[in-house]
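Residue numbers start from 1 in every chain, and the chains themselves are labelled A, B, ... in the order their sequence lines are given, proteins ahead of strands.
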2 protein chains.
Amino acid sequence: MASAEKSRKQLATDNADERIRARNVLKILKAATEIFSRKGLDGTRINEIAELSGLPKGNVYYYFSSKEEIYKATIAHLINSWDQAFRHISADREPAEAIEAYIKAKLEHARRNIAETRLFANEILQGAEHLPADARQHMREVTAEKAEVLNAWVAAGKLAPVDPRHLFIMLWSATQFYAEFEALACDALQVGQLKASDYSSAARTISETVLNGLMPRM
Amino acid sequence: MASAEKSRKQLATDNADERIRARNVLKILKAATEIFSRKGLDGTRINEIAELSGLPKGNVYYYFSSKEEIYKATIAHLINSWDQAFRHISADREPAEAIEAYIKAKLEHARRNIAETRLFANEILQGAEHLPADARQHMREVTAEKAEVLNAWVAAGKLAPVDPRHLFIMLWSATQFYAEFEALACDALQVGQLKASDYSSAARTISETVLNGLMPRM
DNA sequence: AAACAAGTTGACAATTTGGTCAACTTTTTT
DNA sequence: AAAAAAGTTGACCAAATTGTCAACTTGTTT
């Protein structure tokens, strides 16, 4: 009897098993991210998630055992993406080029993942009580590592002396802002909507301003 | 009969009338600001406000008729302070000095009003649905006015060409960040707590970075 | 096609929550 | 000191909300 056939069938079964489940879990997580990102854990009603995902509430509970579990799942989804853009800060690149690439990547990431970015902000606002310890540890390590890169650049005279902590805060905050304050910024600054071109010019403004400030004077 | 005495008495009465009320309303607003700033309108339970303010729930409802009314009151409290720091941006000052003063003032304001600043962020996250129309209008006017000042500086050759919109976003976001992300930043950047000295050095870093980038090259 | 597993659903119970109220105490006025 | 006004309180109600479940439908395996 074909063990090959068996395993093929088994595989087909597994895929099928997972198809519906995967699709619905995704639906739920997407809807949950959207609502959690605006209202936080306590402010979100499971009914809202159910409605937005198009599933009846009972069905949501078929996949997740509680609201908090959904929330944790959205947070877990978030964590990996945190340091994607950070890769650009590497010691073997030229500071100006690396920092510019980082700013661009981070802004692009915020633009493409507005809800996730807002969710992250909201989780922080609430005191980051659901950010797992290992995620914090990971962030700490990555940050320390990249701070070292900056310090090395400064030591090599390639970058004006700067406290990496505050530089990171400037860059994080600026990119964060575009996701979080989009509505307000559009209102107060009297622009219609922040389009891709605005993000480009934002990246340019930030890069130019920061880089001019940080390149060593000769 | 002494009308002087009458008015003195009346005054005493008015003061007394207002003493208890004013004290309790303040207690409630302070507690509400703290909790709203973390959990938003929907995420906040009136019981939490009551407990934190030290008053029984029934008493809270003696002063406010609904949760939303408390929320609106906290928002109203907030609005006036929004453009305090903005005063520094005035056409008759030198750009470098004025912008530096603005950054300092805005950071100092965030440091002294962390809960209010967070509340503002949270209100924005939720879509600014409770920000009154006149408040939006006011923000729009002030922003446009200050953008004009920047443009005039650029036109006079006192400032490198810059899009005021993105510059404002950089400055707003950096100052906002210190209130909102304090907990996370402390964690990720491995500092204990952001102290006054950190805010000073933040102000210095932002000023130097931004100003170096914006002063015209000769 | 029969048996089984996976997924769907609305009705339902238990708890929480926003808000009310009548009885009560304290403060102010006359 | 008596009356009136302001403030306090916990018990209470109706609505909302979380989470459960048994009956049901759909998909999969043999």
Under 4.0 Å protein heavy-atom contacts per nucleotide of nucleotides 14-19 of chain D, with B for base, S for backbone only and - for none: ---SBB
Exercise answer: donor-acceptor pairs, residues 109-116 of chain A side-chain atoms, under 3.5 Å, sequence neighbours excluded:
unit_1, atom_1, unit_2, atom_2, d
H109(A), NE2, S81(A), OG, 3.4
R112(A), NH1, E108(A), OE2, 2.4
N113(A), ND2, H109(A), O, 2.8

Anything under 3.5 Å between a donor and an acceptor, one on a side chain of residues 23-36 of chain A, the other on a protein residue two or more places apart or in another chain? List them.
unit_1, atom_1, unit_2, atom_2, d
N24(A), ND2, Y63(A), OH, 3.1
T33(A), OG1, L29(A), O, 2.7
E34(A), OE2, R118(A), NH2, 3.0

Side-chain donor-acceptor pairs under 3.5 Å in residues 42-52 of chain B, sequence neighbours left out?
unit_1, atom_1, unit_2, atom_2, d
D42(B), OD2, K39(A), NZ, 2.9
T44(B), OG1, G40(B), O, 2.7
R45(B), NH2, D42(B), O, 2.6
E48(B), OE1, R45(B), N, 2.9
E48(B), OE2, K39(B), NZ, 3.2

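Distance R21(A) CZ to dG7(C) P: 5 Å, rounded to the nearest Å. When rounded to the nearest whole Å, the span between CD of E51(A) and C1' of dG10(C) equals 15 Å. F36(B) has its CZ atom 12 Å from the C1' atom of dG18(C), to the nearest Å. The separation between F64(B) atom CZ and dG7(D) atom C1' is 15 Å, rounded to whole Å.
The shortest heavy-atom contact between R136(B) and A128(B) is NH2-O, 2.5 Å.
Using a 4.0 Å cut-off, some side-chain N or O of N59(A) falls inside it from OP1 or OP2 of dT8(C). Taking 4.0 angstrom as the limit, Y62(B) places a side-chain polar atom (N or O) nearer than this to OP1 or OP2 of dG7(D). For Y63(A), a side-chain nitrogen or oxygen approaches OP1 or OP2 of dT8(C) to under 4.0 Å. For the OP1/OP2 pair of dT28(C) and a distance below 4.0 Å, the side-chain nitrogens and oxygens of R19(B) include at least one atom meeting the criterion.
A search for side chain to side chain donor-acceptor pair (under 3.5 Å) contacts involving S200(A) returns nothing, not counting sequence neighbours. Considering only residues two or more places apart in sequence or on other chains, E148(B) meets the side chain to side chain donor-acceptor pair (under 3.5 Å) condition with none of them.
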